[in-house]
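Step one of this worksheet: look at the structure below.
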Amino acid sequence: MATLNFLTGNAGKLAEAQTLFSPLGWDVQRFEIEGEIPEIIEPQTDNLTTVALAKIAQGVELLASQGRLQESLLVEDSGLFIDALPEFPGVYSAHVLQSIGCEGILRLLDDERSAHFLTAAVLWTGEAVEVFIGRCDGKIAMEIRGDDGFGYDPIFIPDSNDDDRTFAEMPQEEKSACSHRGRALRALYDFLNENGA
Ligand code: ITT
(Lines give C-alpha, C1' and ligand atoms only; values in the text may rest on other atoms or scores of the structure.)
Protein backbone atom coordinates (compact mmCIF):
# COMPACT_ATOMS: atom_id res chain seq x y z
CA MET A 1 0.00 0.00 0.00
CA ALA A 2 1.39 3.42 -0.95
CA THR A 3 1.62 6.13 1.69
CA LEU A 4 0.40 9.70 1.43
CA ASN A 5 1.48 12.14 4.17
CA PHE A 6 -1.22 14.66 5.10
CA LEU A 7 -0.15 17.81 6.94
CA THR A 8 -3.26 18.90 8.86
CA GLY A 9 -4.31 19.67 12.39
CA ASN A 10 -7.92 18.81 11.60
CA ALA A 11 -8.89 15.25 12.61
CA GLY A 12 -12.13 15.42 10.55
CA LYS A 13 -10.22 16.16 7.34
CA LEU A 14 -7.77 13.36 8.04
CA ALA A 15 -10.58 10.83 8.67
CA GLU A 16 -12.30 11.80 5.41
CA ALA A 17 -9.10 11.46 3.38
CA GLN A 18 -8.43 8.06 4.97
CA THR A 19 -11.98 6.82 4.20
CA LEU A 20 -11.65 7.95 0.61
CA PHE A 21 -8.13 6.73 -0.14
CA SER A 22 -7.93 3.48 1.78
CA PRO A 23 -10.23 1.44 -0.56
CA LEU A 24 -8.06 2.77 -3.41
CA GLY A 25 -4.92 1.29 -1.89
CA TRP A 26 -3.45 4.44 -0.34
CA ASP A 27 -2.60 4.75 3.33
CA VAL A 28 -3.09 8.38 4.42
CA GLN A 29 -0.95 9.24 7.44
CA ARG A 30 -0.82 12.45 9.40
CA PHE A 31 2.52 14.18 8.81
CA GLU A 32 4.24 14.54 12.17
CA ILE A 33 7.74 15.34 13.36
CA GLU A 34 8.76 13.56 16.56
CA GLY A 35 5.11 12.79 17.28
CA GLU A 36 3.95 16.41 16.90
CA ILE A 37 1.96 18.09 14.13
CA PRO A 38 4.24 20.90 12.91
CA GLU A 39 3.02 24.48 13.35
CA ILE A 40 2.14 26.09 10.01
CA ILE A 41 1.64 29.82 9.48
CA GLU A 42 -1.30 30.71 7.21
CA PRO A 43 -0.94 34.00 5.27
CA GLN A 44 -3.62 36.72 5.41
CA THR A 45 -5.24 36.49 1.98
CA ASP A 46 -8.72 36.03 0.55
CA ASN A 47 -7.71 33.10 -1.65
CA LEU A 48 -7.83 29.46 -0.51
CA THR A 49 -5.30 28.32 -3.13
CA THR A 50 -2.80 30.95 -1.98
CA VAL A 51 -3.21 29.70 1.59
CA ALA A 52 -2.78 26.07 0.52
CA LEU A 53 0.32 26.93 -1.53
CA ALA A 54 1.82 28.70 1.49
CA LYS A 55 1.12 25.59 3.60
CA ILE A 56 2.78 23.26 1.07
CA ALA A 57 5.84 25.52 0.81
CA GLN A 58 6.34 25.21 4.59
CA GLY A 59 5.55 21.48 4.46
CA VAL A 60 8.14 20.85 1.75
CA GLU A 61 10.76 22.73 3.79
CA LEU A 62 9.93 20.46 6.73
CA LEU A 63 10.22 17.34 4.56
CA ALA A 64 13.60 18.59 3.35
CA SER A 65 14.75 19.23 6.92
CA GLN A 66 13.91 15.57 7.69
CA GLY A 67 15.72 14.25 4.59
CA ARG A 68 12.33 13.07 3.26
CA LEU A 69 12.00 15.34 0.21
CA GLN A 70 11.26 12.40 -2.11
CA GLU A 71 8.07 11.58 -0.15
CA SER A 72 4.64 12.91 -1.13
CA LEU A 73 2.84 15.49 1.01
CA LEU A 74 -0.77 16.70 0.95
CA VAL A 75 -2.19 19.91 2.41
CA GLU A 76 -5.55 21.50 1.85
CA ASP A 77 -7.45 24.63 2.70
CA SER A 78 -11.23 24.66 2.72
CA GLY A 79 -13.87 27.30 3.30
CA LEU A 80 -17.61 27.82 3.44
CA PHE A 81 -18.94 30.67 1.26
CA ILE A 82 -22.43 32.02 1.98
CA ASP A 83 -24.03 34.04 -0.83
CA ALA A 84 -25.91 36.40 1.49
CA LEU A 85 -22.63 37.24 3.27
CA PRO A 86 -20.12 37.79 0.45
CA GLU A 87 -16.73 36.12 1.06
CA PHE A 88 -17.88 35.15 4.58
CA PRO A 89 -16.74 33.11 6.35
CA GLY A 90 -14.59 32.03 3.34
CA VAL A 91 -10.90 32.00 4.20
CA TYR A 92 -11.87 32.93 7.77
CA SER A 93 -13.98 29.77 8.20
CA ALA A 94 -11.81 28.28 10.96
CA HIS A 95 -11.71 31.52 12.95
CA VAL A 96 -15.46 32.16 12.52
CA LEU A 97 -16.32 28.61 13.58
CA GLN A 98 -14.26 29.09 16.74
CA SER A 99 -15.71 32.48 17.55
CA ILE A 100 -19.45 32.40 16.68
CA GLY A 101 -19.90 28.71 15.75
CA CYS A 102 -22.69 27.23 13.64
CA GLU A 103 -25.28 28.92 15.90
CA GLY A 104 -23.79 32.33 15.11
CA ILE A 105 -23.99 31.69 11.35
CA LEU A 106 -27.67 30.71 11.67
CA ARG A 107 -28.41 33.95 13.53
CA LEU A 108 -26.94 36.01 10.65
CA LEU A 109 -29.17 34.54 7.94
CA ASP A 110 -32.65 35.24 6.65
CA ASP A 111 -34.40 33.63 3.64
CA GLU A 112 -31.40 33.69 1.27
CA ARG A 113 -29.44 30.59 2.34
CA SER A 114 -27.49 29.39 -0.71
CA ALA A 115 -23.85 28.58 -0.04
CA HIS A 116 -20.95 26.49 -1.24
CA PHE A 117 -17.85 24.83 0.11
CA LEU A 118 -14.50 25.02 -1.68
CA THR A 119 -11.37 22.95 -1.17
CA ALA A 120 -7.93 23.71 -2.57
CA ALA A 121 -5.86 20.54 -2.15
CA VAL A 122 -2.15 20.79 -2.94
CA LEU A 123 0.09 17.79 -3.46
CA TRP A 124 3.87 17.70 -3.34
CA THR A 125 4.65 14.65 -5.49
CA GLY A 126 8.24 14.37 -4.33
CA GLU A 127 9.26 16.45 -7.35
CA ALA A 128 6.61 19.07 -8.08
CA VAL A 129 3.49 20.77 -6.75
CA GLU A 130 0.00 20.06 -8.16
CA VAL A 131 -3.26 21.87 -7.26
CA PHE A 132 -6.75 20.30 -7.20
CA ILE A 133 -9.95 22.27 -6.57
CA GLY A 134 -13.28 20.85 -5.40
CA ARG A 135 -16.62 22.61 -4.98
CA CYS A 136 -19.92 21.61 -3.43
CA ASP A 137 -23.06 23.75 -3.84
CA GLY A 138 -25.83 23.70 -1.29
CA LYS A 139 -27.62 25.77 1.33
CA ILE A 140 -27.51 26.56 5.02
CA ALA A 141 -30.07 24.64 7.08
CA MET A 142 -32.62 26.40 9.31
CA GLU A 143 -31.24 24.62 12.36
CA ILE A 144 -28.30 22.51 13.52
CA ARG A 145 -28.84 18.83 12.61
CA GLY A 146 -26.75 15.64 12.84
CA ASP A 147 -23.92 14.22 14.91
CA ASP A 148 -21.46 13.06 12.24
CA GLY A 149 -18.78 15.00 10.41
CA PHE A 150 -17.11 18.14 11.74
CA GLY A 151 -16.99 21.92 11.43
CA TYR A 152 -19.97 23.34 9.53
CA ASP A 153 -21.37 19.92 8.59
CA PRO A 154 -24.43 20.23 10.91
CA ILE A 155 -25.68 23.31 9.01
CA PHE A 156 -24.77 22.50 5.38
CA ILE A 157 -27.23 20.74 3.05
CA PRO A 158 -25.64 19.78 -0.31
CA ASP A 159 -27.77 20.28 -3.44
CA SER A 160 -27.18 16.69 -4.53
CA ASN A 161 -29.23 15.58 -1.53
CA ASP A 162 -32.97 15.37 -2.23
CA ASP A 163 -34.11 14.75 1.35
CA ASP A 164 -32.70 17.87 3.02
CA ARG A 165 -30.17 16.07 5.23
CA THR A 166 -27.12 18.00 6.37
CA PHE A 167 -23.61 16.60 5.86
CA ALA A 168 -23.66 15.72 9.59
CA GLU A 169 -26.66 13.45 8.99
CA MET A 170 -24.85 11.40 6.32
CA PRO A 171 -22.38 8.54 6.57
CA GLN A 172 -18.88 9.74 5.65
CA GLU A 173 -18.88 7.83 2.33
CA GLU A 174 -22.07 9.61 1.26
CA LYS A 175 -20.63 13.02 2.17
CA SER A 176 -17.42 12.24 0.26
CA ALA A 177 -19.35 11.22 -2.86
CA CYS A 178 -20.53 14.82 -3.36
CA SER A 179 -18.36 16.98 -1.11
CA HIS A 180 -15.80 19.63 -2.05
CA ARG A 181 -13.05 17.55 -0.40
CA GLY A 182 -14.21 14.33 -2.09
CA ARG A 183 -14.10 16.04 -5.49
CA ALA A 184 -10.65 17.57 -4.97
CA LEU A 185 -9.20 14.33 -3.59
CA ARG A 186 -10.67 12.16 -6.35
CA ALA A 187 -9.03 14.48 -8.91
CA LEU A 188 -5.79 14.09 -6.96
CA TYR A 189 -6.19 10.30 -6.96
CA ASP A 190 -6.79 10.28 -10.74
CA PHE A 191 -3.62 12.34 -11.16
CA LEU A 192 -1.63 9.86 -9.04
CA ASN A 193 -2.99 6.96 -11.10
CA GLU A 194 -2.31 8.59 -14.44
CA ASN A 195 1.21 9.43 -13.40
CA GLY A 196 2.03 5.96 -12.22
CA ALA A 197 2.48 6.88 -8.56
P1 ITT B 1 -5.65 22.52 8.66
O2 ITT B 1 -4.77 22.16 9.79
O3 ITT B 1 -5.71 21.46 7.59
O4 ITT B 1 -5.38 23.89 8.08
P5 ITT B 1 -8.14 23.73 9.59
O6 ITT B 1 -9.18 23.20 10.53
O7 ITT B 1 -7.42 24.97 9.96
O8 ITT B 1 -7.13 22.53 9.27
P9 ITT B 1 -9.28 24.97 7.17
O10 ITT B 1 -8.69 26.29 7.49
O11 ITT B 1 -9.06 24.41 5.80
O12 ITT B 1 -8.82 23.86 8.19
O13 ITT B 1 -10.84 24.89 7.41
C14 ITT B 1 -11.61 26.01 7.67
C15 ITT B 1 -12.75 25.66 8.57
O16 ITT B 1 -13.78 25.07 7.79
C17 ITT B 1 -12.42 24.72 9.71
O18 ITT B 1 -13.03 25.22 10.89
C19 ITT B 1 -13.07 23.42 9.32
O20 ITT B 1 -13.56 22.72 10.44
C21 ITT B 1 -14.19 23.87 8.40
N22 ITT B 1 -14.37 22.87 7.36
C23 ITT B 1 -13.44 22.49 6.43
N24 ITT B 1 -13.92 21.48 5.69
C25 ITT B 1 -15.16 21.22 6.16
C26 ITT B 1 -16.13 20.27 5.82
O27 ITT B 1 -15.92 19.35 4.88
N28 ITT B 1 -17.28 20.27 6.51
C29 ITT B 1 -17.50 21.16 7.48
N30 ITT B 1 -16.63 22.09 7.88
C31 ITT B 1 -15.45 22.11 7.22
Side-chain angles (χ1 to χ4, degrees), residues 4-20 28-33 36-59 62 73-82 85 87-106 115-124 131-141 144-158 160-161 165-186 188:
L4 184 58
N5 299 301
F6 189 3
L7 174 52
T8 180
N10 187 314
K13 287 184 180 182
L14 180 70
E16 285 191 4
Q18 285 168 335
T19 302
L20 205 134
V28 179
Q29 289 189 0
R30 175 138 57 193
F31 180 69
E32 294 177 351
I33 295 180
E36 301 283 333
I37 306 165
E39 194 76 33
I40 294 294
I41 297 160
E42 295 191 12
Q44 293 291 315
T45 157
D46 61 359
N47 186 295
L48 291 179
T49 305
T50 308
V51 176
L53 287 169
K55 287 184 188 176
I56 202 74
Q58 294 170 67
L62 290 167
L73 185 68
L74 168 66
V75 299
E76 61 110 297
D77 208 60
S78 296
L80 174 66
F81 296 80
I82 300 175
L85 309 168
E87 299 300 316
F88 185 87
V91 290
Y92 309 108
S93 293
H95 176 68
V96 170
L97 188 69
Q98 266 178 3
S99 50
I100 63 171
C102 289
E103 296 86 355
I105 295 282
L106 293 181
H116 64 274
F117 267 114
L118 281 178
T119 290
V122 179
L123 175 73
W124 165 253
V131 179
F132 307 88
I133 306 293
R135 175 177 173 135
C136 178
D137 290 300
K139 64 180 181 207
I140 303 299
I144 289 177
R145 273 190 276 122
D147 301 318
D148 289 337
F150 64 96
Y152 295 101
D153 283 346
I155 58 167
F156 187 80
I157 301 170
S160 55
N161 176 7
R165 277 173 305 148
T166 66
F167 268 158
E169 294 178 298
M170 295 177 186
Q172 211 173 82
E173 290 80 1
E174 192 181 346
K175 176 186 173 188
S176 285
C178 66
S179 78
H180 44 300
R181 179 165 303 98
R183 291 192 166 121
L185 294 186
R186 275 192 296 278
L188 188 153

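Values below: all heavy atoms of this structure, side chains included; hydrogens, waters and symmetry mates excluded. For ligands, and for the atoms within them, numbers begin at 1 and follow the listed sequence.
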For this session: Specify whether His180 and Phe117 have parallel, tilted or perpendicular ring planes, treating 30° as the upper limit for parallel and 60° as the lower limit for perpendicular.
Result: parallel
Exercise. What are the atoms of ligand 1, with element, lying closer than 4.0 Å to any heavy atom of Glu42?
Worked result: 4 (O)
Problem set entry | Minimum-distance pair of heavy atoms, taken over all atoms of Ala120 and Ala52 | O-CB, 3.6 Å
Problem set entry | Closest protein heavy atom (residue, atom, distance) for atom 16 (O) of ligand 1 | Ser93 CB, 3.6 Å
Exercise. Purely on distance, is any nitrogen or oxygen of Glu16 under 3.5 Å from one on ligand 1?
Worked result: no
Problem set entry | Test side-chain contact (heavy atoms from CB on, under 4.5 Å) applied to Leu123 and Val131, Leu4, Leu185, the passing residue | Leu4
Exercise. Any side-chain heavy-atom pair from Phe156 and Ile82 closer than 4.5 angstrom?
Worked result: no
Exercise. Would a distance-only check, ignoring hydrogens and angles, find a side-chain to backbone donor-acceptor pair under 3.5 Å from Thr8 to Leu14?
Worked result: no
For this session: List the atom of Leu20, the atom of Gly182, and the distance in Å for their closest heavy-atom pair.
Result: CD1-CA, 3.7 Å
For this session: Just need the protein heavy atom nearest to atom 21 (C) of ligand 1, so name the residue and atom and give the distance.
Result: Tyr152 CD1, 4.0 Å
Exercise. Hey, is ligand 1 close enough to Phe167 that some N/O pair sits below 3.5 Å?
Worked result: no
Problem set entry | Phe117 to ligand 1, any heavy atom closer than 4.0 Å | yes
For this session: Show which atoms of ligand 1 fall inside a sub-4.0 Å distance from at least one heavy-atom site of Asp153.
Result: 26 (C), 28 (N), 29 (C)
Problem set entry | Protein contact of atom 2 (O) of ligand 1 - nearest heavy atom, named by residue and atom, plus distance | Gly9 N, 2.8 Å
Exercise. Should you measure from each heavy atom of Leu97, which atoms of ligand 1 turn up under 4.0 Å away?
Worked result: 18 (O), 20 (O)
For this session: Give a yes or no answer on whether the side chain of Gln58 reaches the backbone of Ile41 with a donor-acceptor pair at less than 3.5 Å.
Result: yes
Problem set entry | For atom 20 (O) of ligand 1, closest protein heavy-atom neighbour | Asn10 ND2, 3.5 Å
Exercise. How far apart are the closest heavy atoms of Phe167 and Cys178, and which atoms are they?
Worked result: CE2-SG, 3.9 Å
Exercise. So between Ala120, Cys136, Pro154, Ser78, whose heavy atom ends up nearest atom 13 (O) of ligand 1?
Worked result: Ser78
Exercise. Minimum heavy-atom separation for Gly59 to Ile40, with atom names?
Worked result: N-CD1, 4.5 Å
For this session: Check Asp77 against ligand 1 and report side chain, backbone, both or neither, counting heavy atoms closer than 4.0 Å.
Result: both
Seminar exercise, completed: Closest heavy-atom pair, Thr166 versus Asp153, reported as atoms and distance to 0.1 Å, is CB-O, 3.4 Å
For this session: Quick one: look up the protein heavy atom nearest atom 18 (O) of ligand 1 and list residue, atom name and how far away it is.
Result: Ala94 CA, 3.3 Å
Problem set entry | Heavy-atom pair with the smallest gap, counting every atom of Leu48 and Gly79 | CD1-N, 3.8 Å
For this session: Would you check whether Phe150 reaches within less than 4.0 Å of ligand 1, judged by its heavy atoms?
Result: yes
Exercise. For atom 9 (P) of ligand 1, what's the nearest protein heavy atom and its distance?
Worked result: Lys13 NZ, 3.4 Å
Exercise. Can any side-chain N or O of Tyr152 pair as donor or acceptor with the backbone N or O of Ser93 at less than 3.5 Å?
Worked result: yes
For this session: Considering the heavy atoms of Arg181, write down every atom of ligand 1 situated less than 4.0 Å from one of them.
Result: 23 (C), 24 (N), 25 (C), 26 (C), 27 (O)
Problem set entry | Proximal ligand 1 atoms for Lys175, defined as those under 4.0 Å from one of its heavy atoms | 26 (C), 27 (O), 28 (N)
Problem set entry | Numbering as shown, the atoms of ligand 1 that approach Lys55 to under 4.0 Å (heavy-atom distance) | 1 (P), 3 (O), 4 (O)
For this session: Within a distance under 4.0 Å of any heavy atom of Thr8, pick out the atoms of ligand 1 and give their elements.
Result: 1 (P), 2 (O), 3 (O), 8 (O)
